[in-house]
Colleague: 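Below: one structure in structure tokens.
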2 protein chains.
Amino acid sequence: MTTNRSRPAGRPATIPDVAREAGVSRSTASRALADYGSVSPDARERVRAAAEKLGYRPNLLARSMITGRTHTLGAIVADIQNPFFAGVTRGITDAARAAGYQVLLANTDEDVAAERAAVKMLRDKHVDGLIVAPAATTETGHLAAAHAAGCPVVLLDRQAPGLPADSVTVDNHGAAQDAVRRLLAAGHRRIALVSLLGSAPPADTGAERAAAATPLPTDPVSTGLERIEGYRAALREAGLSDTDTYLRTGTFHREDPADLTADLLALPEPPTAVFATDSMIALGVLSAARDHGLRVPDDLSLVTFDDTDWARAVRPRVSVVAQPVQELGARAVHSLITRIEGATRPPEHTVLDTEYIDRESIAPPPGA
Amino acid sequence: MTTNRSRPAGRPATIPDVAREAGVSRSTASRALADYGSVSPDARERVRAAAEKLGYRPNLLARSMITGRTHTLGAIVADIQNPFFAGVTRGITDAARAAGYQVLLANTDEDVAAERAAVKMLRDKHVDGLIVAPAATTETGHLAAAHAAGCPVVLLDRQAPGLPADSVTVDNHGAAQDAVRRLLAAGHRRIALVSLLGSAPPADTGAERAAAATPLPTDPVSTGLERIEGYRAALREAGLSDTDTYLRTGTFHREDPADLTADLLALPEPPTAVFATDSMIALGVLSAARDHGLRVPDDLSLVTFDDTDWARAVRPRVSVVAQPVQELGARAVHSLITRIEGATRPPEHTVLDTEYIDRESIAPPPGA
DNA sequence: GTGAAAGCGCTAACAA
DNA sequence: TTGTTAGCGCTTTCAC
């Protein structure tokens with residue numbers, strides 16, 4: 001047991017303690033410890049030894065107050081329980097840690113108010129930057145403000161037009177179009193799309209209120225909308241002009257994908273295939289199909305976004321559009337860190353490749 | 001636009017700014033803002049208005065440096081991609097936010113070294129407390145040290161004997177025993193257990209090296225082990241003395257539950273039912289069953305821990321032991337916060353109820 | 001009830 | 001290269 005005369009046992013060692021022990025000034029100790037400025041090899045070593053002996057740990061709070069950097073990132077996603085966001089978050093935390101950053105997590109449940117509150121909290125905590133899967137692509141004032149105030153923002157999964165921030169996404173339109181083409185290639189013509197969108201539907205526009213068509217949100221850009229456009233493009237390409245008959249979109253918290261599917265299956269001419277825009281929706285589709293006594297893929301074909309664990313374990317295994325979830329998170333971290341470290345390049349939009357994985361959930365339509 | 005003569009536009013407002021604007025001293029402003037000490041209603045209101053006008057936001061870093069409290073919790077789990085931990089983490093972040101705390105997240109992949117590193121990082125960041133699903137229940141020196149140094153720790157999902165920390169768990173033994181009883185009640189006698197355990201198996205003890213038995217880790221307590229004991233108890237209770245014939249445990253990163261199951265199914269007298277100790281293992285079992293051309297539940301019955309989304313959407317829906325995942329996280333947060341706020345009661349061990357949910361994955365054994 | 005002054009632990013100009 | 005000095009923004013005695 002070493003006796004540290006000048007330092008009460010309970011209190012953690014500070015720079016003055018280390019400096020005293022090493023017989024140098026505070027600044028030299030600080031320079032040696034934080035590794036900046038110039039310090040003689042000799043002094044450096046004595047400081048290192050003293051720090052070691054005293055079990056010195058820098059007070060990161062004090063350091064952050066001076067440097068203005070906390071080495072903490074904020075991650076704002078819809079719901080960590082959604083496998084897509086779980087994977088993305090895993091990618092974020094891993095990449096962050098590897099780069100010497102920690103991450104503060106916030107869930108929004110696709111609610112803009114919650115997102116706004118999260119940004120506020122996170123900024124109050126002085127995070128160095130924000131990774132956000134925005135709940136809405138239009139109401140992004142809080143994100144723009146953060147960005148402008150020097151707290152860089154990178155958008156994940158969704159872009160926001162007019163917000164000069166980096167983004168990391170996949171080609172939703174192309175991937176959706178490709179998936180629907182697979183269904184078309186198998187001979188399907190009555191192909192449904194089931195999705196949940198972030199914003200509430202706009203006011204009823206009268207003419208649009210056809211029995212089958214669901215009004216779409218006004219958000220100019222959203223993952224869901226892009227996938228819908230990809231779906232429509234594929235149908236049009238196949239000569240099917242009526243692209244909205246089997247289109248069903250609900251709102252988070254308000255509609256259940258299983259109900260949306262049940263409606264479709266109750267139609268006089270029900271769809272023979274369904275394209276689900278994410279794995280949780282696919283679960284709802286599966287559920288509804290089961291309740292209707294329909295078998296996949298014989299009675300109903302299915303393809304979905306997101307390759308979750310269960311997709312390859314259930315029977316039939318389900319064909320999916322796999323997104324590189326962890327990579328999405330890791331790329332976002334890298335973009336963000338270059339910004340934090342001062343890069344002033346124009347906004348960079350990274351688009352990652354998806355992969356269609358063919359399994360057993362697509363068959364020709366019944367009676368074909 | 002108000003002109004703030006004394007404050008450059010770029011710099012955020014500070015207490016001196018607010019004080020000046022309100023015509024009071026810094027201390028009065030501080031007292032009014034942080035709501036302590038005594039301030040006259042009049043001064044209080046003037047300060048409030050000035051702060052509002054200037055868009056004042058307290059510098060939490062500076063405050064933390066003084067108060068020693070960051071209002072930040074550290075959450076250390078195995079893998080956020082595991083639905084169990086995703087749910088727990090969701091419960092943690094929600095409860096924390098509701099109580100005015102944020103959470104820093106760390107994944108360990110069941111690796112003690114990673115856990116140790118995470119604790120170090122988190123303590124360096126001055127978290128007010130730690131919620132840990134410990135990778136090992138024996139090597140807990142770093143947790144004990146944190147606790148002793150005034151950084152309270154609450155254990156989640158797993159207890160650690162000898163560590164005087166609060167814990168929040170479920171009755172794994174009882175729940176496992178109950179689940180296996182369901183299988184027994186359906187007429188099964190050859191019931192397997194498939195699990196993955198945290199620690200590496202101990203050195204070969206010779207006699208124990210029966211072809212069928214898998215050596216178990218030496219960890220005195222672990223979720224997996226408790227479930228195994230519950231399984232054995234149920235079998236013994238049913239008069240089956242040979243409890244380890246169909247017991248298969250692997251190690252994280254080393255074994256694949258599907259392979260473990262495949263071994264079982266290749267036995268001359270294969271099991272007719274499987275008890276999986278978590279949902280990710282159940283997926284492996286399902287996979288292996290499919291590869292063997294076995295149908296659930298006709299050829300093989302299945303019951304698993306954890307009620308994940310897919311368990312109620314696949315066909316057949318799988319019977320499960322549901323854990324109150326979010327509640328587990330929320331309780332941990334509450335225990336932790338009472339500690340942080342100074343409670344000095346003896347360690348408290350909260351045990352939450354599980355719920356057996358009967359679905360369609362259990363049938364009588366084939367040929368029964 | 002209020003203000004003056006000290007100080008948390010650290011970094012960063014500036015001199016020496 | 002090194003030490004001195006001055007803060008960062010805040011809370012908190014301690015007088016008044």
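Everything numeric here is computed off the predicted structure, so don't read it as measured data. Quick note on labels: first sequence line is chain A, next is B, and so on, each numbered from 1.
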Colleague: Nearest heavy atom decides the nucleotide; on that basis, is A:Pro41 or A:Ser27 closer to the 5' end of DNA chain D?
Modeller: A:Pro41
Colleague: I need the CD1-P distance between A:Ile66 and D:dC8, as an integer number of Å.
Modeller: 9 Å
Colleague: With a sphere of 6.0 Å drawn around CZ of B:Arg26, does it hold more than 12 non-hydrogen atoms of other residues, nucleotides or ligands?
Modeller: no
Colleague: CD1 of A:Ile15 versus C1' of D:dG7: gap in Å, rounded?
Modeller: 15 Å
Colleague: What's A:Ser40 touching, base or sugar-phosphate or nothing? Going by heavy atoms closer than 4.0 Å.
Modeller: sugar-phosphate
Colleague: Is any side-chain nitrogen or oxygen of B:Ser30 closer than 4.0 Å to OP1 or OP2 of D:dT11?
Modeller: yes
Colleague: Would you tell me if any nitrogen or oxygen in the side chain of B:Tyr56 comes within less than 4.0 Å of OP1 or OP2 on D:dC10?
Modeller: yes
Colleague: Could you state the atom-to-atom distance from CG of A:Leu33 to C1' of C:dG9 in whole Å?
Modeller: 12 Å
Colleague: Give the minimum heavy-atom separation between B:Val333 and B:Ile131, together with the two atoms involved.
Modeller: CG2-CD1, 3.7 Å
Colleague: In whole Å, I'd like the distance from the CG atom of B:Leu60 to the C1' atom of D:dC8.
Modeller: 15 Å
Colleague: Nearest nucleotide by nearest heavy atom, which residue falls closer to the 5' end of DNA chain C, B:Arg44 or B:Met65?
Modeller: B:Arg44
Colleague: Please determine if a side-chain N or O atom of B:Thr28 lies less than 4.0 Å away from the OP1 or OP2 oxygen of C:dG3.
Modeller: yes
Colleague: What is the distance, rounded to the nearest whole Å, between atom CZ of A:Arg26 and atom P of C:dC8?
Modeller: 10 Å
Colleague: By nearest atom, which of the nucleotides C:dA13, D:dC10, C:dA12 is closest to the A:Arg31 side chain?
Modeller: C:dA13
Colleague: Would one find a side-chain N or O of A:Ser38 under 4.0 angstrom from OP1 or OP2 of D:dT1?
Modeller: yes
Colleague: When you measure from the side chain of B:Asp17 to the backbone of B:Thr14, do you find a donor-acceptor pair of N or O atoms at a distance under 3.5 Å?
Modeller: yes
Colleague: Please lay out, stage by stage, how B:Arg46 and B:Asp42 fare under the test salt bridge (Lys or Arg N to Asp or Glu O under 4.0 Å).
Modeller: CA-CA 6 Å; B:Arg46 294 218 313 284; B:Asp42 172 55; 2.8 Å; yes
Colleague: Could you state the CG-C1' distance from B:Asp35 to D:dC10, rounded to the nearest angstrom?
Modeller: 16 Å
Colleague: Can you tell me how far P of C:dC10 sits from CZ of A:Arg69, to the nearest Å?
Modeller: 19 Å
Colleague: What's the CZ-P distance between B:Arg20 and C:dA4, to the nearest Å?
Modeller: 13 Å
Colleague: Check A:Glu139 with A:Arg116, please: is the shortest side-chain N to carboxylate O separation under 4.0 Å?
Modeller: yes
Colleague: Does D:dT11 have OP1 or OP2 under 4.0 Å away from a side-chain N or O of B:Arg63?
Modeller: yes
